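Every value quoted in this text rests on a predicted model; they were computed, and no experiment measured them. Atom set for the values below is all heavy atoms of this structure, side chains included, hydrogens, waters and symmetry mates excluded. Along the sequence shown, the residues carry numbers beginning at 1.
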Amino acid sequence: MTKHSGHGPLGEKVNYPSQYDPSCLHPILRKQGRDGLGIDATMPLPFAGVDIWNAYELSWLNESGKPQVACAEFRFPADSPNIIESKSFKLYLNSFNQSRFRDASAVQQTLAEDLSAASGAEVQASVFTPDRWGEAYQIAKPEGECLDDLDINPCFYAPNAELLEVSGDAVYSEILYSHLLRSRCPVTSQPDWASVEIRYRGTKINREQLLAYIVSFREHDEFHEHCVERIFSDISRRCEPEFLAVYARYTRRGGLDINPWRSSDPVFDPPNSRGVRQ
């Protein structure tokens with residue numbers, strides 16, 4: 001029998017920074033994921049969008065050394081050159097734990113400046129102290145009709161755009177959602193779970209085939225943001241809707257959840273309402 005080292009089958013111990021350290025942040029080019037979708041980096045993006053991150057484990061010391069706690073929301077525009085690798089983001093947030101700041105507004109300003117520099121575009125940061133948690137975080141189910149009770153027999157567990165079909169000539173406008181989206185982190189292969197909401201106007205999309213397509217991401221390795229862009233791109237090309245918006249709310253890991261949305265209408269601006277699993 002093979003014996004594990006002292007930590008068993010778990011990962012190696014991580015040395016968290018003990019003081020504020022923005023160098024923890026690790027940017028990754030969005031271009032890496034978009035090249036495979038045929039999105040030309042020299043042309044305007046075929047969608048508008050924002051990556052909404054929620055941080056539930058933010059803490060720092062006040063000027064007297066007393067710990068403070070808060071939650072935070074970050075909004076990264078889809079046209080920023082970089083995303084932030086999530087583990088590096090966690091390390092960065094933990095670097096605040098033993099560092100002293102004047103108040104929550106100073107923390108918020110520091111977060112916005114560092115994340116904007118790392119992502120290459122202006123990032124909106126909002127820090128919510130406990131007295132504001134009630135107004136900032138409301139649990140809500142996705143809008144529209146759930147697909148998950150449909151009777152399907154999946155045979156693809158890697159994204160397959162050919163599953164997507166339309167039928168008829170009538171124009172429909174509907175909101176559909178599923179809790180069955182699951183992909184894997186391309187760095188660690190850990191599972192990423194999400195609920196995905198799809199709004200469209202156009203020729204009716206076959207619901208069973210759409211659900212089978214969502215399930216086909218189950219063993220796919222890709223960052224959250226790129227998964228949403230793949231779903232948006234595949235539906236756009238295969239179904240050609242007049243309007244399309246895709247919004248995924250991933251469950252949290254390490255105190256962070258990521259919620260990207262992409263839309264053909266730049267005015268689309270969904271609420272940051274927590275799912276039950278978040």
Looking only at side chains, do Arg249 and Asn272 share a donor and an acceptor under 3.5 Å apart?
yes
Set out, in order, the CA-CA distance, both residues' side-chain angles and the distance that settles side chain to side chain contact (heavy atoms under 4.5 Å, CB included) for Phe217 and Tyr157, then state yes or no.
CA-CA 6 Å; Phe217 279 75; Tyr157 297 106; over 6 Å; no
Which atom of Ser116 lies closest to which atom of Ala112, heavy atoms considered:
OG-O, 2.7 Å
Does the distance from a Lys or Arg side-chain N to an Asp or Glu carboxylate O, for Arg30 and Asp51, drop under 4.0 Å?
yes
Exactly one of Trp133, Tyr137, Tyr56 should register a ring pair (Phe, Tyr, Trp, His ring centres under 6.0 Å) with Phe128. Which one does?
Tyr137
Taking only Lys NZ, Arg NE, NH1 and NH2, and the carboxylate oxygens of Asp or Glu, determine whether Arg199 and Glu143 approach each other closer than 4.0 Å.
yes
Report the relative orientation of the aromatic rings in Phe89 and Trp53; use parallel for angles under 30°, tilted for 30 to 60°, perpendicular for over 60°.
tilted
Heavy-atom closest pair (Arg132 atom, Glu135 atom, distance to 0.1 Å) is O-CG, 3.0 Å
Please check if atom CG in Asp169 has more than 12 non-hydrogen atoms from other residues, nucleotides or ligands closer than 6.0 Å.
no
Of all heavy-atom pairs linking Ile84 and Ala118, the shortest is CD1-CB, 3.6 Å
Under 4.5 Å between any side-chain heavy atoms of Ile214 and Ile198, yes or no?
yes
Does a side chain donor of either Asn54 or Gln278 reach within less than 3.5 Å of an acceptor in the other side chain?
no
Ignoring hydrogens, what is the shortest heavy-atom contact between Gln32 and Ile28? Give both atom names and the distance.
OE1-CG2, 3.7 Å
Would you call Arg207 and Glu174 a salt bridge, taking side-chain N to carboxylate O under 4.0 Å as the test?
yes
Please report the C-alpha distance between Asp257 and Thr251 in whole Å, then the side-chain angles of each, then the deciding distance to 0.1 Å, and finally whether the side chain to side chain contact (heavy atoms under 4.5 Å, CB included) criterion is met.
CA-CA 6 Å; Asp257 64 43; Thr251 59; over 6 Å; no
Do the charged groups of Asp35 and Lys31 touch, with an N to O distance under 4.0 Å?
yes
More than 12 heavy atoms from other groups under 6.0 Å of CD on Glu208:
yes
Would you mind checking if Glu229 and Arg34 are paired as a salt bridge, meaning a charged N to carboxylate O distance below 4.0 Å?
yes
For the pair Leu256 and Leu93, evaluate side chain to side chain contact (heavy atoms under 4.5 Å, CB included) and give the outcome as yes or no after the intermediate values.
CA-CA 10 Å; Leu256 282 173; Leu93 292 178; 3.9 Å; yes
Check: Ser99/Gln19 side-chain N/O donor and acceptor closer than 3.5 Å:
yes
Closest non-hydrogen atom pair between His220 and Cys227, with its separation:
CD2-SG, 4.3 Å
In terms of side-chain heavy atoms, does Asp148 have a donor or acceptor partner in Ser178 at a distance below 3.5 Å?
yes
With distance as the sole criterion, is a donor-acceptor pair present between the side chains of Ser263 and Asp265 under 3.5 Å?
no
When hydrophobic residues are tied together by side-chain contacts of less than 4.5 Å, even through go-betweens, does Ile258 share a cluster with Val246?
no
Would Ile175 and Glu197 satisfy side chain to side chain contact (heavy atoms under 4.5 Å, CB included), going step by step from the backbone distance to the final call?
CA-CA 7 Å; Ile175 306 172; Glu197 181 182 293; 3.8 Å; yes
Are more than 12 heavy atoms from other residues, nucleotides or ligands located less than 6.0 Å from atom CD of Glu242?
yes
Count the heavy atoms of every other residue, nucleotide or ligand shown that sit under 6.0 Å from OH of Tyr172, and state whether that count exceeds 12.
no
Anything under 30° is parallel, anything over 60° is perpendicular, the rest tilted; go ahead and classify Tyr92 against Phe96.
perpendicular
